[in-house]
Amino acid sequence: MANLNNQLEKNYDPLKIEAKWYKFWEEKKCFAADPEAEGEPFSMVIPPPNVTGVLHMGHALNNLLQDILARYQRQQGRNVLWMPGTDHAGIATQNVVEKQLAAEGLGRHDVGREKFIEKVWQWREESGGTIINQLKRLGSSCDWSRERFTMDEGLSKAVREVFVSLYEKGLIYQGDYIINWCPRCHTALSDLEVEFEEHNDGKLWDLEYPLADGSGSIIVSTTRPETMLGDTAVAVNGSDERYREMIGKEVLLPLMNRKIPIVADDYVDSEFGSGAVKITPAHDANDFEVGLRHKLEIIKVMDEAGLMNDNAGVYAGLTREACREQVIKDLAELDLLPAIKDYQHNVGHCYRCQTIIEPYLSNQWFVKIKPLAERALAAVKEGDTKIIPQNWEKTYFNWMENIRDWCVSRQIWWGHRIPAWYCEDCGKMIVAREDPDACPECSGTNLRQETDVLDTWFSSGLWPFSTMGWPESTATLKKYYPTSVLVTGFDILFFWVARMMMMGLECMDEVPFKDVYIHALVRDEHGQKMSKSKGNVIDPLIIIDKYGADALRFTLAAFAAQGRDVSLSEARISGYRNFVNKLWNAARFTLMNIEDFDPETQIAGRELSLSERWIRHRLNRTTAEVVAALDEYRFNDAAQALYQFTWHEFCDWYLELTKPDLFQSEDLIRKTTAQTVLYQTLEQVLRLLHPIMPFVCEEIWQTLPHTAAMPESIMQTAFPAADVEVEDFPAAADMDQVMAVITAVRNIRGEMNLSPGQRLEAVVTGPDAVAIAALQKSTAAIINIARLTSLTIDSAAQRPPQSAAGLAAGFEIFVPLKGLVDFAQESARLAKELKKTEKEFSGVNNKLSNEKFLAKAPPQIIEKEQGKHQELSLKLEKLKTSIKTLEQVTGS
RNA sequence: AGGCGCAUAGCUCAGGGGGAGAGCGCUACCUUGACACGGUAGAAGUCGGCAGUUCAAAUCUGCCUGUGCCUACCA
């Protein structure tokens, strides 16, 4: 351990060090979870990133918070499982591979289903590990030996088990309904997968439909005129006087020349537009419902690609956009287009490819969601699962209460194929856990499997237990389910959290997690969403390369206040990089001064200096704060407390105060005591900081001299606990006075523009003999830190001539300036101070002369105000004296 | 249309009924035996507006203004 100081460079260089320790942790199996091992379980499942994903700041924040918890809980002695993995991300992944094919001029149908899926797996082999490696760069301490993928064999088995058992319970059904159709992805989407966007350039077209009997016409409005080709009725409200006569009559649908009825339905709002609505059951959800009520014909005029079909007559083959234009033109020519209005409305887009969604009638699979939602709702209401911050519970309730059946079938190839077969001989449908060989009805072997796959979120919904081996009954499940906490962003509260709640309760009969911690979004420095098009994306990997993972981690932690978005800027990260460097240099300083030190040295029985008692007290308080904060997911409070303590107490004051003891060579007991306190304090700071900044803490910790009891890695050390024995409030009070006096001298120095190199004399006096006596013990320290030549502390001391005066903590501090400075400057300084004090004094005076205040305020508040009054009036008096003295000196 | 937030120093934010805080930035001085990615000191805010509750409001309540998001979707 010789030449320790040489091992640490002047500036911390994270690059090499981070890779080194991450490898070390993995080799020592520090992340591995053992269900057979001791310790109360603490478990989390990672929100599985898409295999197509590339690490962004949202991932970084999400995984950082989990990593802080995992590392903290390990240090607390818990048996920690952090389960990692990736999501197969059906549509997103399929799109990526389709794009590759497109580059070769091929479509997926050109290669066929089997070959295509092979290609997807191949792609996943090649690049699916990207995001996992990026998570490792961040320092994520997942148990990688357990990494899962939603398309794994085991997870696929879980998916099939759940599908079949839900089907058997009657909770899965198949039917023709209006769903959200993406004409580009060629698939149905769930309601959640549609993103609505406001279109300001929308139009509302009025169409005139002549009555079939020639007795007039009726005007309807639409934002999608091309759908009129599939109209099978016009609806009005039955109580609408304007149309009463027309109900039951027919109109002649223009362009198509079909006769369609006018029906009465409460769905129609008489106040809106003309009060009459065209009804297209095959292309609008509400119209579909109206159609069912009135047994209307259903005419599809569009195909799966968004092209008009044969039912659209002469318009067949046109795209929906071209058809719209043509229909408008043709209606205008017929003079059946009385008005076109500008109209602002919301249009649904595919969340994967942004194509405009078409409400489309088709045969799909649905999960009957009400029975599942009821349990998931009750579990949160009864507190089995807590959502933090709590205000998200309301959002959760609101959604769960208004939930609609979940369309789970997708017409894509990449995903879990629905385990349903159709007998080509007798038409029977078979839903089974095992692939059937023959039809149980007719024994025919001519079976055709359903081609649809399941919504990706169906398998993600099983994640908390499917990753632990369900439906087998595994040791992992027994030990770690339900998980302790789920850490996630609110953007997938419904997509994922809600589904896991429903599936967990359904399959495990128990909630999947005790806590759900919802964190904020990461935005840019002006609170804007980060996006490629805005060019304001901060790439976590570039940041890690530039500033180190610890700097990024500390920054995110420090700004992760509950319920508030994180506005991130590079300047801030570089600020916290400076903090990492500060810690690094405090460690260098420590190492330089404990070369001859035995780390087994104990504090017990040794006499501690005031600053030592104080720093131990403060460290103890900080420890309590950090523990309380981390237990309540207040990551920013933990980070702030550690920053404040490490920089502004440990470095700024304690290290300076302990230098004389460390540098001297006469009193060896004093020196080794100083070394012991220094060593132990730094070691404890490292353990406290480890969950947030694991790399730099490990590097320093490994370089420190080790005691026999220390484990191999800081990861395996115990998290510090607050200890009442170390509490020392008297030391804290005395130290506050010492610091106040030193600051007062520095203030005079600064305001007088005296250079730090200029040694000064000082005299401190005050009426409180006890306080003076206490302060006298710190004479040497004050001389040292305040850079004085001599210091007199005496309650009987007189003000030296030609001196500047300061007031702090009930003391008067005089610094003789003997022509060193311009007294006009000192005069101005005192005048400023007097003005400030007078303002403060009058505020306190007002309070104390208010009878109501005296009558109603609690006694301790009144006492405090009275104390303040006394202190301030004394201060005023002293200030006035000082000013007078100064005037005499300068003769003004 | 409903719901949830937010408005505090130039910037980004913490705090949350009894003396306005932090980081960055800014100004001045300083290479003092760890750190200039540093040290010391300083300037800077009627805590969005208007009412109310209270002895006391940045903090609680109501309204207003601005701003962000979520859910639903209206032809």
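The structure displayed is predicted, hence computed values, not measured ones. Note on naming: letters A, B, ... go to the chains in the order of the sequence lines (proteins, then strands), and numbering restarts at 1 for each one.
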>> Checking base pairs now: Watson-Crick or wobble, both atom distances under 3.5 Å. What partners B:U40?
In response: B:A28
>> If you compare every side-chain N and O of A:W647 against the phosphate oxygens of B:G39 (OP1, OP2), does one of them come in below 4.0 Å?
In response: yes
> Between the base of B:U32 and the side chain of A:R787, is there a donor-acceptor distance below 3.5 Å?
Replying inline: yes
>> Quick check with a 6.0 Å cut-off and a 45 degree axis cone: is A:R224 positioned over the face of A:W205's six-membered ring?
In response: no
>> What is the distance, to the nearest angstrom, from the CG atom on A:N850 to the C1' atom on B:A56?
In response: 9 Å
> Of all the nucleotides listed (B:C70, B:C29, B:C55), which has the minimum atom distance to the side chain of A:K856?
Replying inline: B:C55
>> Which nucleotide, if any, forms a Watson-Crick or G-U wobble pair with B:A1, using both distances under 3.5 Å?
In response: B:U71
>> Classify A:D287 by what it touches in the nucleic acid, base, sugar-phosphate, or nothing, heavy-atom distance under 4.0 Å.
In response: nothing
> When rounded to the nearest Å, what value does the distance between P atoms of B:G38 and B:G25 take?
Replying inline: 9 Å
>> Heavy-atom nearest nucleotide on RNA chain B for A:Y267 versus A:K659: which residue maps closer to 5'?
In response: A:K659
> Nearest-Å distance, OH (A:Y576) to P (B:U12)?
Replying inline: 16 Å
> Mind checking the C1' distance from B:U8 to B:G15? Whole angstroms is fine.
Replying inline: 9 Å
> Are A:F196 and A:H349 an aromatic pair by the rule of ring centers under 6.0 Å?
Replying inline: no
> Rounded to the nearest 0.5 Å, how far does CG of A:L642 lie from CZ of A:F554?
Replying inline: 6.0 Å
> If you measure from the C1' atom in B:U31 to the same atom in B:C47, how many Å do you get, rounded?
Replying inline: 40 Å
>> Nearest whole Å is fine: how far is B:G23 C1' from A:D652 CG?
In response: 14 Å
> C1' atom, B:A9 versus B:U71: distance in rounded Å?
Replying inline: 37 Å
>> Check the phosphate of B:G19 against A:K868, side-chain N and O only, distance under 4.0 Å to OP1 or OP2. Yes or no?
In response: yes
>> Expressed as a whole number of angstroms, how long is the span from A:I785:CD1 to B:G33:P?
In response: 13 Å
>> Reading RNA chain B from 5' onward, which residue's closest nucleotide shows up sooner: A:E865 or A:Q644?
In response: A:E865
>> Regarding A:V268, tell me which of base, sugar-phosphate or nothing describes its non-hydrogen contacts under 4.0 Å with the strands shown.
In response: base
>> Counting only side-chain heavy atoms from C-beta out, which of B:G18, B:A72, B:C70 sits nearest to A:K847?
In response: B:G18
> Base, sugar-phosphate, or nothing for A:H869, non-hydrogen atoms under 4.0 angstrom?
Replying inline: nothing
> Would A:Y576 and A:Y643 count as a close aromatic pair, with their ring centres under 6.0 Å?
Replying inline: yes
>> Given 3.5 Å as the limit, does a donor-acceptor pair link the side chain of A:S274 with the main chain of A:I219, or not?
In response: yes
> Which part of the nucleic acid, if any, lies within reach of A:F841 when heavy atoms closer than 4.0 Å are counted: base, sugar-phosphate only, or nothing?
Replying inline: nothing
> Nearest-Å distance, CG (A:L655) to P (B:G39)?
Replying inline: 11 Å
>> Does A:T590 reach a base, just sugar-phosphate, or nothing at all? Heavy atoms under 4.0 Å.
In response: nothing
> Given atom CZ of A:F196 and atom P of B:A72, what is their separation to the nearest angstrom?
Replying inline: 8 Å
> C1' atom, B:G39 versus B:G33: distance in rounded Å?
Replying inline: 15 Å
> Applying a 3.5 Å limit to both distances, which nucleotide forms a Watson-Crick or G-U wobble pair with B:A56?
Replying inline: none
> Is the centre of the A:F490 ring less than 6.0 Å from the centre of the A:Y396 ring?
Replying inline: no
>> Between B:C37 and B:A22, how far apart are the two P atoms, rounded to whole Å?
In response: 23 Å
>> Rounding to an integer number of angstrom, what distance separates B:U59 and B:C50 when you compare their P atoms?
In response: 12 Å
> Can you tell if the side chain of A:L704 reaches within under 4.5 Å of the side chain of A:L591, non-hydrogen atoms only?
Replying inline: yes
>> Quick check: any donor-acceptor pair below 3.5 Å linking the side-chain of A:R577 to the base of B:C37?
In response: yes
> When the C1' atoms of B:G19 and B:G2 are considered, how many whole Å apart are they?
Replying inline: 43 Å
> From the list B:A34, B:G19, B:C55, which nucleotide is the closest neighbour of the side chain of A:E840?
Replying inline: B:G19
> For A:L556 and B:U12, what is the distance between atoms CG and P respectively, to the nearest whole Å?
Replying inline: 18 Å
>> Let's test this: given Watson-Crick or G-U wobble pairing with both distances under 3.5 Å, identify the partner of B:C35.
In response: none
>> Just the rounded figure in Å: distance from C1' of B:G38 to OH of A:Y12.
In response: 19 Å
> Measuring from A:S574:OG to A:N581:CG, what's the distance to the nearest 0.5 Å?
Replying inline: 11.5 Å
>> As an exercise, state the distance from CG of A:D550 to SG of A:C697, rounded to the nearest 0.5 Å.
In response: 7.0 Å
> Out of B:C70, B:G18, B:C73, which has the shortest distance to the side chain of A:T395?
Replying inline: B:C70
> For A:E871, which contact category applies under a 4.0 Å heavy-atom criterion: base, sugar-phosphate, or nothing?
Replying inline: nothing
>> Only pairs with both distances under 3.5 Å count, Watson-Crick or wobble alike; so what is the partner of B:U65 in this structure?
In response: B:A7
>> Applying the Watson-Crick and G-U wobble criteria at under 3.5 Å, what pairs with B:G21? Answer none if nothing qualifies.
In response: B:C13
> According to a strict under-4.0 Å criterion, is A:N286 in side-chain N/O contact with OP1 or OP2 of B:C74?
Replying inline: yes
>> With a 4.0 Å limit, can you tell me whether A:K582 has a side-chain N or O closer than that to the phosphate oxygens OP1/OP2 of B:C35?
In response: no
>> Classify A:N11 by what it touches in the nucleic acid, base, sugar-phosphate, or nothing, heavy-atom distance under 4.0 Å.
In response: base
>> Please name the nucleotide paired to B:U46 by Watson-Crick or G-U wobble geometry with both distances under 3.5 Å, or report none.
In response: none
> What is the nucleic acid contact for A:S274, judged by heavy atoms within less than 4.0 Å: base, sugar-phosphate only, or nothing?
Replying inline: nothing
>> Please classify the nucleic acid contact of A:L493 as base, sugar-phosphate, or nothing, using heavy-atom distances under 4.0 Å.
In response: nothing
